[in-house]
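Contents: one structure, followed by commentary.
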Protein chains: 2
Amino acid sequence: MTNKKQSILDSALYLFAYKGYNGVSTNTIAKHAGVSEGLIFKHFKDKKGLLNQTLTQWKLDFNQILEDIGNIESPQIRIQRIMELPFSIPEIQFPYWQLVYALKWQNLDLMHNHATSMKIILIEALQALRYPDTNTEAELILSYFDGFISSAVLKKDSSLSKNLLKALQKKYIQ
Amino acid sequence: MTNKKQSILDSALYLFAYKGYNGVSTNTIAKHAGVSEGLIFKHFKDKKGLLNQTLTQWKLDFNQILEDIGNIESPQIRIQRIMELPFSIPEIQFPYWQLVYALKWQNLDLMHNHATSMKIILIEALQALRYPDTNTEAELILSYFDGFISSAVLKKDSSLSKNLLKALQKKYIQ
DNA sequence: CATGTAAGTAAGTAATTGCTTACAAATATA
DNA sequence: TATATTTGTAAGCAATTACTTACTTACATG
């Protein structure tokens, strides 16, 4: 990975996230990255290819995080870790999540794999804890996840966020 | 409101919602509405003006709904009605909500007014019910709201949705 | 019925779009 | 050191963009 290639990916993620895929031109991305426009197409074939590559990096990161959570023994802690996720996102990953959710609302759901992985972890854990309707309960927690990601990424009010998390956990951990 | 003007608004809402503001050209909107492109600019000045007018109609509708909920006497039922909202949205309004949330993730938050209105209703009701931290509790319910809107509008699985609502209400109504 | 205004169109406009081409510099490998 | 490959650029491409202009048609009101 050359410097300029990485620079293109960084600029693309940032600009796609805050202006939308169709709101940024390849010309703008090139200028932001300090690179000639042609280089984008050398490295990524076309604009869609750049978008995909941009997301791939972070997707792998998050999959690793989910795998680690899945390997935790205690089902309570597995659920807790999933709930904590929206508030443990480092600020550098905010553009990634902003982009993922922006695309989700554009019917381009890259979140789908993340969501199904989390649902599997949640259902297993809830079954271990003898919850009655594990599917619904898992969906309920995932709905929180959506709302919390929105709180964390868009509002960036971390003091409120911690109270939210505590209030939620109170409802699940007696 | 002439037929053609309304037709432009309908097409614009639909296309903006499913392809994004920057993903649709005025030319496309005009063709979809069966109208000359110039008419769009006659009626709405520019593309941004069309977007605003498109949203204004439904915004007023929803404000009315919130006002009605605010006038309900029982605080329990006020909370219940807010929780039910995502699942009582008629299908014809899906494009509106899809667009509102798409714009929200594009840092163009038209949801903000809706959210603050709902928060006021929730805090008042929670205070009446002697909840301890009403602000956090209201935010928590609004986080659900975000997640549920996403469930309702994007997935459109209404049988799941009803179970979700029941599961949530169980946590608030003892 | 005359006339002013609103509703509507077709054909433009300059600027921007995603992408290609032809070529140069840098780097790796023999 | 010679050569092949990768990395990079500048200039240009046709198509599309938001928007304007010059014009016609429909309609309301005195």
Side-chain angles (χ1 to χ4, degrees), chain A residues 1-57 95-96 98-100 102-103 105-110, chain B residues 1-57 95-96 98-100 102-103 105-110:
Chain A
M1 176 82 66
T2 58
N3 279 348
K4 297 208 168 183
K5 190 175 178 186
Q6 186 60 54
S7 175
I8 292 170
L9 286 169
D10 294 345
S11 294
L13 177 60
Y14 175 81
L15 292 168
F16 283 156
Y18 292 104
K19 301 184 170 203
Y21 174 76
N22 287 307
V24 198
S25 66
T26 49
N27 178 21
T28 303
I29 296 170
K31 276 182 185 156
H32 189 274
V35 146
S36 74
E37 199 180 345
L39 193 58
I40 290 175
F41 297 91
K42 270 271 154 69
H43 279 310
F44 307 102
K45 195 193 163 205
D46 54 21
K47 198 186 171 188
K48 269 259 144 63
L50 172 58
L51 174 65
N52 286 329
Q53 194 60 45
T54 294
L55 293 162
T56 298
Q57 297 190 308
Y96 169 70
Q98 180 142 357
L99 182 50
V100 165
L103 291 170
W105 282 98
Q106 222 74 200
N107 288 322
L108 230 163
D109 196 356
L110 299 134
Chain B
M1 178 82 67
T2 58
N3 278 348
K4 298 210 167 185
K5 189 176 180 186
Q6 186 60 54
S7 176
I8 292 170
L9 286 168
D10 293 346
S11 295
L13 177 61
Y14 175 81
L15 292 168
F16 283 156
Y18 293 103
K19 302 186 168 199
Y21 175 75
N22 287 306
V24 198
S25 66
T26 48
N27 178 21
T28 303
I29 296 170
K31 275 182 186 155
H32 189 274
V35 146
S36 75
E37 199 179 347
L39 192 59
I40 290 176
F41 297 92
K42 268 271 155 70
H43 280 310
F44 307 102
K45 192 189 163 205
D46 54 22
K47 200 185 171 188
K48 270 260 145 63
L50 172 58
L51 175 65
N52 285 331
Q53 195 60 46
T54 294
L55 293 162
T56 298
Q57 297 189 307
Y96 170 70
Q98 180 143 356
L99 182 51
V100 164
L103 292 170
W105 283 99
Q106 223 74 200
N107 288 321
L108 230 162
D109 195 354
L110 301 133

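Being a predicted model, the structure only gives us computed values, none of them experimental. By convention in this document, chain letters (A, B, ...) are assigned in the order of the sequence lines, proteins followed by strands, and residues within each chain are numbered from 1.
- Atom-to-atom, CZ of A:Phe44 to P of C:dG18 comes out at 15 Å; the value is rounded to the nearest Å.
- For C:dA6, neither phosphate oxygen OP1 nor OP2 lies less than 4.0 angstrom from any side-chain nitrogen or oxygen of B:His43.
- Summarising the geometry, atom OH belonging to A:Tyr21 is positioned 5.0 Å from atom NZ belonging to A:Lys47; distances are rounded to the nearest 0.5 Å.
- For the pair B:Ile40 CD1 and C:dT9 P, the computed distance is 10 Å after rounding to whole Å.
- Considering only the side chain of A:Glu37, C:dC19 comes nearest among D:dT20, C:dC19, D:dG8.
- Between A:Leu51 atom CG and C:dG18 atom P the separation is 12 Å, expressed in whole Å.
- Side-chain atoms of A:Lys4 lie closest to D:dT9 of the nucleotides C:dC19, D:dC19, D:dT9.
- Distance, B:Ile8 CD1 to C:dA7 C1': 10 Å, rounded to whole Å.
- A 4.5 Å side-chain heavy-atom check between A:Leu50 and A:Thr26 finds every atom pair outside the cut-off.
- Remark: C1' of D:dC19 and CG of B:Leu50 are 13 Å apart, rounded to the nearest angstrom.
- Note: A:Asn52 CG to A:Thr56 OG1 = 6.0 Å, rounded to the nearest 0.5 Å.
- A donor N or O paired with an acceptor N or O is not found under 3.5 Å between the base of C:dG18 and the side-chain atoms of A:Lys47.
- Between the CD1 atom of B:Ile8 and the OG1 atom of B:Thr54 there is a distance of 9.5 Å, given to the nearest 0.5 Å.
- If you take CD on A:Gln98 and OH on A:Tyr18, they are separated by 5.0 Å, rounding to the nearest 0.5 Å.
- Side chains of A:Phe44 and A:Leu9 form a contact here, defined as non-hydrogen atoms less than 4.5 Å apart.
- Atom CE in A:Met1 sits roughly 11 Å away from atom P in D:dT7 (whole-Å rounding).
- Rounded to whole Å, the distance from NZ on B:Lys42 to C1' on D:dT20 is 10 Å.
- The stretch residues 17-29 of chain B does not touch DNA chain C, since none of its heavy atoms comes less than 4.0 Å from the strand.
- Note that NZ of B:Lys5 is 12.5 Å distant from CG of B:Asn3, once rounded to the nearest 0.5 Å.
- Dashed line: the shortest gap from a side-chain N or O of B:Thr2 to OP1 or OP2 of C:dG8 is under 4.0 Å.
- Proximity note for A:Asp46 (side chain, C-beta onward) versus D:dT7, C:dC19, C:dG8: the nearest is C:dC19.
- Ranking C:dT20, D:dA18, C:dG8 by closeness to the B:Leu39 side chain, first place goes to C:dG8.
- Nucleotide C:dT20 holds its C1' atom 14 Å from the NZ atom of A:Lys45, rounded to whole Å.
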